[in-house]
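Read through the structure below, which is laid out as structure tokens, and then see the notes.
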Amino acid sequence: MTIPKVLLLGEIEHAHESWNSLSSFAELITPKSTTRADFLEELKSGQLDGVLVIYRTFASADQTGKFDAEVIKLLPESIKFICHNGAGYDQVDVHACTDRGIKVSNTPTAVDDATADINLFLILGALRGLNTSMVALRQGNWRGNPPPPLGHDPEGKTLGILGMGGIGRNLKKKAEAFSMKVIYHNRNQLSNEQAAGAEYVSFEELLSRSDIISLNLPLNQNTRHIISTREFGMMKKGVVIVNTARGAVMDEDALVKALDSGHVASCGLDVYEDEPKIHPGLVANPQVMLVPHMGTWTIETQTAMEEWNISNVRSVLETGALRNVVPEQKDMK
Ligand SMILES: O=CC(=O)O
């Protein structure tokens, strides 16, 4: 019997023991290439033939580029599973994978607390306008001169959550501890049990009723720039927007214009359209809270994500099936 191969793209940083334990079922290999051009060549050369499952990290895109249709087409016939270490899997062309019969998993749940925590931090920081005073203090200028305008309390404000998956629902619970009223919009209305009292509203109603809008939806072809000029125009003047999902769900140019006009009072961002580049209009705006994609940047959460992803690889090796597949493939045989 030939022993299956597992290809690691990126690093295991924490869950070394679990990763190493896979070597009793499989040959664990890494690519020779460190650039996309070389990776494509390595795929073409047949050197990665025989790989059954790929474990990939978000950062591995620096070496291989995105797992777009070009890469998926070149993957050896033997590859049947791609385990992506991250909740958001927009780096992987799932439709191209489905067409080739390759199943894709991600790491939902594991990221929920840490991402919702930073989401709340950004909501509070943007409401309070904390950035200017923090910068002033470090410049030896106390609160700044003049001091910043007074901020706003979260208590009693309406928080509109766009995308009520694991992170959205986790945020809802946390926001309620700050006495915020939560409304939400989602592809599908949740069961009463899952909604847990959050009011389901249309997309337009969410835009027009919210004091704070939180973007917690995945990036895909239907959600790219789902928030742009038209949508900013439908929001309350003085709205605060927070995004911990993916930068491209919001049109950054349009956001900068809405901030500059004062229609959007502030925003809190963890993600950007073209990371690690940041729109100069955002950097220049002292009101906004900007964090460099730190949503899951904790030891506990990074470890839990790795463990989840490894458990998917293990499940393939032990049972021939993933523990979870991405929603687009839930009916795939
Ligand atoms: O951005 C983080 C993730 O997708 O898990």
Side-chain angles (χ1 to χ4, degrees), residues 58-59 61-62 86-88 90 111 114-139 141 143-144 147-152 154 157 159-163 167-168 171 174-175 178 210-219 223-229 231-232 235 238-298 301-302:
F58 186 85
D62 293 345
D90 47 289
V111 305
T115 310
D117 289 349
I118 206 122
N119 208 317
L120 201 50
F121 167 85
L122 290 170
I123 290 174
L124 297 177
L127 280 172
R128 287 288 187 96
L130 279 183
N131 187 58
T132 53
S133 58
M134 285 162 63
V135 171
L137 176 143
R138 286 194 187 272
Q139 290 171 341
N141 198 12
R143 289 184 184 130
L150 292 173
H152 293 281
K157 300 292 185 302
L159 170 65
I161 300 180
L162 185 59
I167 297 167
L171 174 65
K174 289 173 173 151
F178 288 80
S210 303
D211 299 307
I212 299 135
I213 295 177
S214 179
L215 306 181
N216 299 101
L217 70 177
L219 174 64
T223 63
R224 181 172 296 275
H225 285 193
I226 196 168
I227 302 294
S228 188
T229 309
E231 290 71 31
F232 289 121
M235 296 176 192
V239 68
V240 164
I241 303 177
V242 171
N243 187 6
T244 60
R246 284 292 181 266
V249 299
M250 184 153 55
D251 176 345
E252 254 172 29
D253 272 329
L255 171 66
V256 168
K257 289 196 182 95
L259 283 161
D260 288 348
S261 76
H263 192 80
V264 173
S266 185
C267 69
L269 304 179
D270 184 40
V271 287
Y272 306 87
E273 273 205 70
D274 190 18
E275 296 176 14
K277 291 194 201 123
I278 305 193
H279 194 299
L282 293 171
V283 180
N285 186 330
Q287 285 307 321
V288 302
M289 293 284 290
L290 305 177
V291 174
H293 206 146
M294 304 290 274
T296 60
W297 202 254
T298 69
T301 294
Q302 291 291 320

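- Tested against Glu273 for a side-chain hydrogen bond (donor to acceptor under 3.5 Å, both in side chains), the candidates Arg224, His225, His279 yield a single pass: His225.
- Scanning all heavy atoms of the two residues, the minimum distance from Tyr272 to Glu252 falls at CA-OE2, 3.2 Å.
- The only option from Asp90, Leu162, Ile227, Leu215 that meets the side chain to side chain contact (heavy atoms under 4.5 Å, CB included) definition with Val249 turns out to be Leu215.
- Rounded to the nearest 0.5 Å, atoms CE (Met134) and CE (Met289) are 5.5 Å apart.
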Q | Stepwise side-chain contact (heavy atoms from CB on, under 4.5 Å) test for Asn131 and Gln287 | A | CA-CA 6 Å; Asn131 187 58; Gln287 285 307 321; over 6 Å; no

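- Using a 4.5 Å cut-off on side-chain heavy atoms (C-beta onward), Leu159 and Phe178 make no contact.
- Between the side chain of Asp270 and the backbone N or O of Gly295, at least one donor-acceptor pair lies under 3.5 Å.
- Between Asp117 and Lys174, the closest side-chain pair of non-hydrogen atoms falls below 4.5 Å.
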Can you give the donor-acceptor pairs under 3.5 Å from side chains of residues 256-263 to other protein atoms, not counting sequence neighbours?
| unit_1 | atom_1 | unit_2 | atom_2 | d |
| --- | --- | --- | --- | --- |
| Ser261 | OG | Ala258 | O | 3.1 |
| Ser261 | OG | His263 | N | 3.2 |
| His263 | NE2 | Phe232 | O | 3.1 |
| His263 | NE2 | Met235 | O | 2.8 |

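- Between atom CG of residue Asp253 and atom CG of residue Leu282 there is a gap of 9.5 Å, rounded to the nearest 0.5 Å.
- You'll find the side chain of Val271 stays beyond 4.5 Å of the side chain of Thr244, heavy atoms only.
- Taken from CG in Leu124 to CD1 in Ile212, the straight-line distance is 8.5 Å, to the nearest 0.5 Å.
- The closest side-chain heavy-atom distance from Leu269 to Leu122 is not below 4.5 Å.
- Between Cys267 and Leu255, the shortest heavy-atom contact is SG-CD2, 4.2 Å.
- Annotation for Phe58: atom CZ counts as buried by contact number, over 12 foreign heavy atoms lying within 6.0 Å.
- Between Pro148 and Ser133 the shortest heavy-atom distance is CG-CB, 4.2 Å.
- The backbone N or O of Pro218 sits less than 3.5 Å from a side-chain atom of Thr223, completing a donor-acceptor pair.
- Between Leu171 and Ile123, some side-chain heavy-atom pair lies under the 4.5 Å cut-off.
- Atom CG of Asn243 sits about 8.0 Å away from atom CG of Asn216, to the nearest 0.5 Å.
- Nearest heavy atoms, Gly163 versus Leu217: CA-CB, 4.1 Å.
- Inter-residue side-chain proximity for Val135 and Pro286 is flagged as unmet; no heavy-atom pair is nearer than 4.5 Å.
- Side chain of Asp274 to backbone of Lys277: no donor-acceptor contact under 3.5 angstrom is found.
- In terms of modelled atom types and a separation under 3.5 Å, the side chain of Thr298 and the main chain of Thr301 share a donor-acceptor contact.
- Between Gly238 and Ala265, the shortest heavy-atom contact is O-CB, 3.4 Å.
- Across all non-hydrogen atoms, the minimal contact from Ala126 to Gly268 is CB-N, 4.2 Å.
- Side-chain atoms of Arg246 and Glu275, non-hydrogen and from C-beta on, never get closer than 4.5 Å to each other.
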